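To start, the structure itself, in C-alpha coordinates.
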Protein chains: 2
Amino acid sequence: MAERLVELARQLQDVCLARRLTVATAESCTGGLVAHAITEVSGASGYLVGGVVAYSDAVKRDVLGVPAAMLLAHGAVSAQVAVAMAEGVRARMGTSLAVAVTGVAGPLGGTDAKPVGLVYVAVASNGIPEVRRHQWPGDRSANKELSAAVALELLLAHALAVTA
Amino acid sequence: MAERLVELARQLQDVCLARRLTVATAESCTGGLVAHAITEVSGASGYLVGGVVAYSDAVKRDVLGVPAAMLLAHGAVSAQVAVAMAEGVRARMGTSLAVAVTGVAGPLGGTDAKPVGLVYVAVASNGIPEVRRHQWPGDRSANKELSAAVALELLLAHALAVTA
(Lines give C-alpha, C1' and ligand atoms only; values in the text may rest on other atoms or scores of the structure.)
Protein backbone atom coordinates (compact mmCIF):
# COMPACT_ATOMS: atom_id res chain seq x y z
CA MET A 1 0.00 0.00 0.00
CA ALA A 2 1.45 3.33 -1.10
CA GLU A 3 2.09 5.55 1.90
CA ARG A 4 0.62 8.52 0.02
CA LEU A 5 -2.77 6.82 -0.22
CA VAL A 6 -2.78 5.98 3.48
CA GLU A 7 -1.81 9.56 4.36
CA LEU A 8 -4.69 10.90 2.23
CA ALA A 9 -7.04 8.39 3.87
CA ARG A 10 -5.86 9.54 7.30
CA GLN A 11 -6.60 13.19 6.42
CA LEU A 12 -9.99 12.24 4.98
CA GLN A 13 -10.88 10.32 8.13
CA ASP A 14 -9.92 13.22 10.40
CA VAL A 15 -12.09 15.66 8.43
CA CYS A 16 -15.05 13.29 8.07
CA LEU A 17 -15.09 12.33 11.75
CA ALA A 18 -14.76 15.96 12.84
CA ARG A 19 -17.54 17.06 10.49
CA ARG A 20 -19.70 13.93 11.00
CA LEU A 21 -19.66 13.04 7.31
CA THR A 22 -20.08 9.54 5.88
CA VAL A 23 -18.57 8.15 2.67
CA ALA A 24 -19.29 5.45 0.09
CA THR A 25 -17.22 4.32 -2.90
CA ALA A 26 -18.03 3.00 -6.38
CA GLU A 27 -15.00 1.63 -8.15
CA SER A 28 -14.53 0.22 -11.60
CA CYS A 29 -10.90 0.37 -12.76
CA THR A 30 -9.44 0.89 -9.27
CA GLY A 31 -11.13 -2.38 -8.30
CA GLY A 32 -11.41 -1.73 -4.57
CA LEU A 33 -8.15 0.14 -4.01
CA VAL A 34 -9.87 3.33 -2.80
CA ALA A 35 -11.83 1.42 -0.14
CA HIS A 36 -8.74 -0.62 0.72
CA ALA A 37 -6.77 2.58 1.37
CA ILE A 38 -9.58 4.08 3.46
CA THR A 39 -9.78 0.91 5.58
CA GLU A 40 -6.05 0.79 6.24
CA VAL A 41 -6.62 3.51 8.84
CA SER A 42 -8.00 2.35 12.18
CA GLY A 43 -11.32 4.03 12.90
CA ALA A 44 -12.49 4.00 9.26
CA SER A 45 -15.72 2.30 10.31
CA GLY A 46 -16.64 5.64 11.91
CA TYR A 47 -17.32 7.17 8.49
CA LEU A 48 -16.99 4.59 5.68
CA VAL A 49 -20.40 2.98 5.16
CA GLY A 50 -19.35 0.75 2.27
CA GLY A 51 -18.60 0.51 -1.40
CA VAL A 52 -19.28 -1.29 -4.64
CA VAL A 53 -16.69 -2.70 -6.99
CA ALA A 54 -18.64 -2.29 -10.22
CA TYR A 55 -16.43 -4.15 -12.65
CA SER A 56 -19.14 -5.26 -15.08
CA ASP A 57 -21.71 -3.01 -16.73
CA ALA A 58 -24.41 -5.21 -15.15
CA VAL A 59 -23.27 -4.20 -11.66
CA LYS A 60 -23.06 -0.52 -12.67
CA ARG A 61 -26.66 -0.82 -13.87
CA ASP A 62 -28.28 -3.19 -11.38
CA VAL A 63 -26.48 -2.32 -8.13
CA LEU A 64 -25.60 1.35 -8.72
CA GLY A 65 -28.58 2.29 -10.87
CA VAL A 66 -26.62 3.68 -13.84
CA PRO A 67 -29.16 3.89 -16.68
CA ALA A 68 -28.61 1.29 -19.42
CA ALA A 69 -29.21 3.99 -22.05
CA MET A 70 -26.40 6.10 -20.56
CA LEU A 71 -23.99 3.16 -20.66
CA LEU A 72 -24.97 2.57 -24.28
CA ALA A 73 -24.73 6.22 -25.33
CA HIS A 74 -21.52 7.23 -23.57
CA GLY A 75 -19.79 3.98 -22.62
CA ALA A 76 -18.78 2.85 -19.13
CA VAL A 77 -15.68 5.08 -19.25
CA SER A 78 -17.30 8.51 -19.43
CA ALA A 79 -17.92 11.55 -17.27
CA GLN A 80 -21.66 10.85 -17.30
CA VAL A 81 -21.27 7.29 -15.98
CA ALA A 82 -18.72 8.38 -13.34
CA VAL A 83 -21.22 10.89 -11.95
CA ALA A 84 -24.09 8.39 -12.12
CA MET A 85 -22.00 5.79 -10.26
CA ALA A 86 -21.14 8.30 -7.51
CA GLU A 87 -24.75 9.47 -7.20
CA GLY A 88 -25.98 5.87 -7.32
CA VAL A 89 -23.80 4.58 -4.51
CA ARG A 90 -24.47 7.70 -2.43
CA ALA A 91 -28.23 7.14 -2.73
CA ARG A 92 -27.92 3.37 -2.18
CA MET A 93 -25.86 3.76 0.99
CA GLY A 94 -27.29 7.05 2.23
CA THR A 95 -23.97 8.81 2.74
CA SER A 96 -22.92 12.46 2.85
CA LEU A 97 -20.32 11.93 0.13
CA ALA A 98 -19.52 9.33 -2.50
CA VAL A 99 -16.71 8.88 -4.98
CA ALA A 100 -16.65 6.90 -8.22
CA VAL A 101 -13.82 5.86 -10.52
CA THR A 102 -14.18 4.47 -14.03
CA GLY A 103 -11.42 4.11 -16.57
CA VAL A 104 -9.17 1.94 -18.70
CA ALA A 105 -6.43 0.61 -16.41
CA GLY A 106 -4.74 -1.29 -19.24
CA PRO A 107 -2.73 -2.77 -20.79
CA LEU A 108 -5.74 -4.20 -22.69
CA GLY A 109 -9.07 -2.55 -23.47
CA GLY A 110 -7.89 0.76 -24.90
CA THR A 111 -9.34 2.29 -28.08
CA ASP A 112 -8.53 5.43 -30.08
CA ALA A 113 -11.37 7.29 -28.39
CA LYS A 114 -10.69 5.80 -24.93
CA PRO A 115 -7.01 4.96 -24.62
CA VAL A 116 -5.32 3.05 -21.81
CA GLY A 117 -4.89 5.37 -18.85
CA LEU A 118 -8.08 7.39 -19.42
CA VAL A 119 -9.90 7.71 -16.09
CA TYR A 120 -12.88 9.70 -14.80
CA VAL A 121 -13.24 10.38 -11.07
CA ALA A 122 -16.50 11.85 -9.74
CA VAL A 123 -17.66 12.98 -6.32
CA ALA A 124 -21.31 13.32 -5.33
CA SER A 125 -22.51 15.29 -2.31
CA ASN A 126 -25.58 17.33 -1.42
CA GLY A 127 -24.25 19.97 -3.84
CA ILE A 128 -23.27 19.90 -7.50
CA PRO A 129 -21.27 16.79 -8.44
CA GLU A 130 -17.71 17.21 -9.65
CA VAL A 131 -15.96 15.04 -12.22
CA ARG A 132 -12.34 15.04 -13.36
CA ARG A 133 -10.76 13.48 -16.42
CA HIS A 134 -7.20 12.18 -16.32
CA GLN A 135 -4.98 10.55 -18.89
CA TRP A 136 -2.36 8.54 -16.99
CA PRO A 137 0.92 7.42 -18.56
CA GLY A 138 1.60 4.45 -16.30
CA ASP A 139 1.09 0.70 -16.26
CA ARG A 140 -2.05 -0.96 -14.84
CA SER A 141 -0.92 -0.88 -11.24
CA ALA A 142 0.33 2.72 -11.41
CA ASN A 143 -2.86 3.89 -13.15
CA LYS A 144 -4.94 2.35 -10.37
CA GLU A 145 -2.84 4.05 -7.72
CA LEU A 146 -2.88 7.48 -9.41
CA SER A 147 -6.65 7.22 -9.82
CA ALA A 148 -7.16 6.21 -6.18
CA ALA A 149 -5.11 9.21 -5.05
CA VAL A 150 -7.31 11.58 -7.06
CA ALA A 151 -10.41 9.91 -5.62
CA LEU A 152 -9.19 10.50 -2.07
CA GLU A 153 -8.09 14.07 -2.87
CA LEU A 154 -11.48 14.92 -4.38
CA LEU A 155 -13.30 13.35 -1.43
CA LEU A 156 -11.13 15.37 0.94
CA ALA A 157 -11.79 18.62 -0.93
CA HIS A 158 -15.55 18.02 -0.85
CA ALA A 159 -15.46 16.94 2.79
CA LEU A 160 -13.85 20.28 3.60
CA ALA A 161 -16.32 22.20 1.43
CA VAL A 162 -19.64 20.49 2.12
CA THR A 163 -22.20 22.38 4.14
CA ALA A 164 -24.25 20.48 6.69
CA MET B 1 0.49 -4.88 -3.06
CA ALA B 2 1.95 -8.09 -1.69
CA GLU B 3 3.35 -10.23 -4.50
CA ARG B 4 1.77 -13.32 -2.92
CA LEU B 5 -1.73 -11.88 -3.36
CA VAL B 6 -1.08 -11.02 -7.00
CA GLU B 7 0.32 -14.49 -7.65
CA LEU B 8 -2.80 -16.07 -6.11
CA ALA B 9 -4.98 -13.75 -8.19
CA ARG B 10 -3.08 -14.79 -11.31
CA GLN B 11 -3.70 -18.48 -10.57
CA LEU B 12 -7.36 -17.81 -9.82
CA GLN B 13 -7.78 -15.94 -13.10
CA ASP B 14 -6.18 -18.75 -15.10
CA VAL B 15 -8.49 -21.35 -13.58
CA CYS B 16 -11.64 -19.22 -13.82
CA LEU B 17 -11.04 -18.22 -17.44
CA ALA B 18 -10.22 -21.82 -18.42
CA ARG B 19 -13.32 -23.15 -16.65
CA ARG B 20 -15.58 -20.19 -17.59
CA LEU B 21 -16.32 -19.33 -13.97
CA THR B 22 -17.27 -15.89 -12.67
CA VAL B 23 -16.51 -14.42 -9.25
CA ALA B 24 -17.93 -11.79 -6.87
CA THR B 25 -16.58 -10.53 -3.55
CA ALA B 26 -18.15 -9.30 -0.30
CA GLU B 27 -15.62 -7.71 2.02
CA SER B 28 -15.94 -6.30 5.48
CA CYS B 29 -12.61 -6.18 7.32
CA THR B 30 -10.46 -6.57 4.18
CA GLY B 31 -12.17 -3.43 2.88
CA GLY B 32 -11.68 -4.06 -0.84
CA LEU B 33 -8.24 -5.67 -0.74
CA VAL B 34 -9.44 -8.98 -2.24
CA ALA B 35 -11.00 -7.21 -5.23
CA HIS B 36 -7.96 -4.92 -5.50
CA ALA B 37 -5.66 -7.96 -5.72
CA ILE B 38 -7.88 -9.66 -8.31
CA THR B 39 -7.92 -6.50 -10.45
CA GLU B 40 -4.15 -6.08 -10.37
CA VAL B 41 -4.00 -8.81 -13.03
CA SER B 42 -4.78 -7.73 -16.58
CA GLY B 43 -7.78 -9.66 -17.91
CA ALA B 44 -9.61 -9.75 -14.56
CA SER B 45 -12.70 -8.31 -16.24
CA GLY B 46 -13.04 -11.69 -17.94
CA TYR B 47 -14.23 -13.29 -14.71
CA LEU B 48 -14.67 -10.70 -11.92
CA VAL B 49 -18.22 -9.37 -12.08
CA GLY B 50 -17.93 -7.11 -9.06
CA GLY B 51 -17.94 -6.83 -5.32
CA VAL B 52 -19.36 -5.10 -2.29
CA VAL B 53 -17.38 -3.51 0.51
CA ALA B 54 -19.88 -4.10 3.31
CA TYR B 55 -18.34 -2.12 6.12
CA SER B 56 -21.54 -1.22 7.95
CA ASP B 57 -24.21 -3.66 9.10
CA ALA B 58 -26.71 -1.68 7.01
CA VAL B 59 -24.84 -2.57 3.81
CA LYS B 60 -24.55 -6.22 4.86
CA ARG B 61 -28.32 -6.20 5.35
CA ASP B 62 -29.61 -3.95 2.57
CA VAL B 63 -27.17 -4.66 -0.26
CA LEU B 64 -26.13 -8.25 0.52
CA GLY B 65 -29.39 -9.44 2.06
CA VAL B 66 -27.93 -10.69 5.36
CA PRO B 67 -30.96 -11.12 7.67
CA ALA B 68 -31.14 -8.50 10.44
CA ALA B 69 -32.03 -11.26 12.93
CA MET B 70 -28.84 -13.15 12.02
CA LEU B 71 -26.71 -10.02 12.57
CA LEU B 72 -28.40 -9.53 15.92
CA ALA B 73 -28.10 -13.16 17.03
CA HIS B 74 -24.54 -13.92 15.92
CA GLY B 75 -22.93 -10.53 15.31
CA ALA B 76 -21.35 -9.31 12.07
CA VAL B 77 -18.17 -11.29 12.79
CA SER B 78 -19.53 -14.84 12.67
CA ALA B 79 -19.49 -17.90 10.47
CA GLN B 80 -23.20 -17.48 9.77
CA VAL B 81 -22.83 -13.91 8.52
CA ALA B 82 -19.75 -14.78 6.44
CA VAL B 83 -21.73 -17.47 4.61
CA ALA B 84 -24.76 -15.18 4.20
CA MET B 85 -22.56 -12.42 2.76
CA ALA B 86 -21.01 -14.84 0.25
CA GLU B 87 -24.38 -16.28 -0.76
CA GLY B 88 -25.87 -12.79 -0.89
CA VAL B 89 -23.31 -11.30 -3.25
CA ARG B 90 -23.33 -14.45 -5.39
CA ALA B 91 -27.10 -14.18 -5.82
CA ARG B 92 -26.97 -10.39 -6.33
CA MET B 93 -24.32 -10.60 -9.05
CA GLY B 94 -25.22 -13.99 -10.52
CA THR B 95 -21.73 -15.48 -10.35
CA SER B 96 -20.42 -19.05 -10.23
CA LEU B 97 -18.44 -18.34 -7.06
CA ALA B 98 -18.35 -15.71 -4.36
CA VAL B 99 -16.11 -15.06 -1.38
CA ALA B 100 -16.84 -13.11 1.79
CA VAL B 101 -14.60 -11.86 4.60
CA THR B 102 -15.73 -10.53 7.96
CA GLY B 103 -13.56 -9.98 11.00
CA VAL B 104 -11.93 -7.65 13.50
CA ALA B 105 -8.91 -6.11 11.78
CA GLY B 106 -7.93 -4.11 14.85
CA PRO B 107 -6.41 -2.48 16.76
CA LEU B 108 -9.83 -1.31 18.03
CA GLY B 109 -13.11 -3.22 18.14
CA GLY B 110 -11.98 -6.43 19.83
CA THR B 111 -13.89 -8.10 22.68
CA ASP B 112 -13.24 -11.18 24.82
CA ALA B 113 -15.55 -13.24 22.63
CA LYS B 114 -14.33 -11.67 19.37
CA PRO B 115 -10.74 -10.54 19.76
CA VAL B 116 -8.69 -8.49 17.32
CA GLY B 117 -7.51 -10.77 14.51
CA LEU B 118 -10.59 -13.02 14.46
CA VAL B 119 -11.71 -13.45 10.85
CA TYR B 120 -14.22 -15.65 9.01
CA VAL B 121 -13.80 -16.34 5.29
CA ALA B 122 -16.61 -18.04 3.37
CA VAL B 123 -17.00 -19.24 -0.22
CA ALA B 124 -20.35 -19.84 -1.90
CA SER B 125 -20.80 -21.86 -5.07
CA ASN B 126 -23.46 -24.13 -6.52
CA GLY B 127 -22.44 -26.68 -3.87
CA ILE B 128 -22.18 -26.56 -0.09
CA PRO B 129 -20.65 -23.31 1.21
CA GLU B 130 -17.35 -23.47 3.08
CA VAL B 131 -16.32 -21.20 5.93
CA ARG B 132 -12.99 -20.94 7.74
CA ARG B 133 -12.17 -19.28 11.04
CA HIS B 134 -8.76 -17.70 11.62
CA GLN B 135 -7.20 -15.92 14.54
CA TRP B 136 -4.43 -13.70 13.19
CA PRO B 137 -1.62 -12.35 15.36
CA GLY B 138 -0.74 -9.29 13.25
CA ASP B 139 -1.54 -5.62 13.08
CA ARG B 140 -4.44 -4.20 11.08
CA SER B 141 -2.64 -4.16 7.74
CA ALA B 142 -1.17 -7.66 8.19
CA ASN B 143 -4.54 -9.07 9.29
CA LYS B 144 -6.15 -7.68 6.14
CA GLU B 145 -3.45 -9.20 3.96
CA LEU B 146 -3.55 -12.64 5.64
CA SER B 147 -7.35 -12.67 5.31
CA ALA B 148 -7.22 -11.67 1.64
CA ALA B 149 -4.76 -14.48 0.94
CA VAL B 150 -7.12 -17.04 2.51
CA ALA B 151 -10.00 -15.61 0.48
CA LEU B 152 -8.08 -16.06 -2.76
CA GLU B 153 -6.88 -19.56 -1.75
CA LEU B 154 -10.43 -20.67 -0.91
CA LEU B 155 -11.77 -19.23 -4.16
CA LEU B 156 -9.03 -21.05 -6.05
CA ALA B 157 -9.79 -24.36 -4.33
CA HIS B 158 -13.49 -24.03 -5.13
CA ALA B 159 -12.78 -22.93 -8.69
CA LEU B 160 -10.80 -26.14 -9.17
CA ALA B 161 -13.49 -28.26 -7.49
CA VAL B 162 -16.73 -26.79 -8.81
CA THR B 163 -18.71 -28.86 -11.28
CA ALA B 164 -20.37 -27.08 -14.17
Side-chain angles (χ1 to χ4, degrees), chain A residues 1-2 5-6 9 22-64 76 89 92-95 101 104-109 116 139-145 148, chain B residues 1-2 5-6 9 22-64 76 89 92-95 101 104-109 116 139-145 148:
Chain A
M1 166 63 55
L5 294 185
V6 179
T22 54
V23 163
T25 60
E27 305 185 58
S28 187
C29 66
T30 45
L33 176 55
V34 176
H36 169 45
I38 286 174
T39 59
E40 281 291 280
V41 182
S42 175
S45 57
Y47 79 103
L48 179 70
V49 174
V52 173
V53 177
Y55 228 53
S56 72
D57 281 4
V59 172
K60 293 182 183 78
R61 197 182 57 222
D62 301 341
V63 181
L64 295 177
V89 82
R92 193 89 175 78
M93 302 198 176
T95 55
V101 188
V104 187
L108 307 173
V116 167
D139 65 9
R140 181 179 183 87
S141 191
N143 290 339
K144 285 177 66 178
E145 196 172 310
Chain B
M1 165 63 57
L5 294 184
V6 179
T22 55
V23 163
T25 60
E27 305 185 59
S28 186
C29 67
T30 44
L33 177 55
V34 176
H36 169 45
I38 285 174
T39 59
E40 280 290 281
V41 182
S42 174
S45 57
Y47 79 104
L48 179 71
V49 174
V52 173
V53 177
Y55 227 53
S56 73
D57 281 4
V59 172
K60 292 182 183 79
R61 198 182 57 222
D62 300 340
V63 182
L64 295 176
V89 80
R92 194 87 176 77
M93 301 197 176
T95 55
V101 188
V104 188
L108 308 173
V116 166
D139 65 9
R140 182 179 183 87
S141 192
N143 290 339
K144 285 177 67 178
E145 195 172 311

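Bear in mind the structure is a predicted one, so any value in this text is a computation, not a measurement. In the text below, chain A, chain B and the rest are named by the order of the sequence lines, each starting its count at 1.
- For V6(B), no part lies under 4.5 angstrom from a heavy atom of chain A.
- Proximity to chain B involves both the backbone and the side chain of A44(A), based on heavy atoms less than 4.5 angstrom apart.
- Annotation: maximal heavy-atom pairing with chain A below 4.5 Å, among D62(B), L48(B), L108(B), D57(B), occurs at L48(B).
- The candidate with the highest count of non-hydrogen atom pairs below 4.5 Å against chain B, out of G50(A), G43(A), S42(A), is S42(A).
- Qualifying side chain to side chain donor-acceptor pair (under 3.5 Å) partners for S56(A), counting only residues two or more places apart in sequence or in other chains: none.
- Of the atoms belonging to V49(B), heavy atoms from both backbone and side chain fall under 4.5 Å from chain A.
- The two residues V53(A) and A35(B) have their closest heavy-atom pair at CG2-CB, 3.9 Å.
- Counting heavy-atom pairs under 4.5 Å between each of M93(B), K60(B), K144(B) and chain A puts K144(B) at the top.
- Here ring-ring contact (aromatic ring centres under 6.0 Å, His included) pairs that include residues 31-51 of chain A, with residues two or more places apart or in two chains, are H36(A)-H36(B).
- Taking T95(A) as the reference, nothing meets the side chain to side chain donor-acceptor pair (under 3.5 Å) condition, with sequence neighbours excluded.
- A donor-acceptor contact shorter than 3.5 Å links the side chain of R140(A) to the backbone of T39(B).
- Against chain B, the residues from residues 23-32 of chain A that qualify, each with a non-hydrogen atom under 4.5 angstrom away, are T30(A), G31(A), G32(A) in number order.
- Most heavy-atom pairs under 4.5 Å with chain A: of the set I38(B), V34(B), V41(B), this distinction falls to V41(B).
- With respect to chain B, the highest number of heavy-atom pairs below 4.5 Å among V63(A), L33(A), V59(A) belongs to L33(A).
- Chain A forms the most heavy-atom pairs under 4.5 Å with one residue out of S45(B), A105(B), G109(B), G106(B), and that residue is S45(B).
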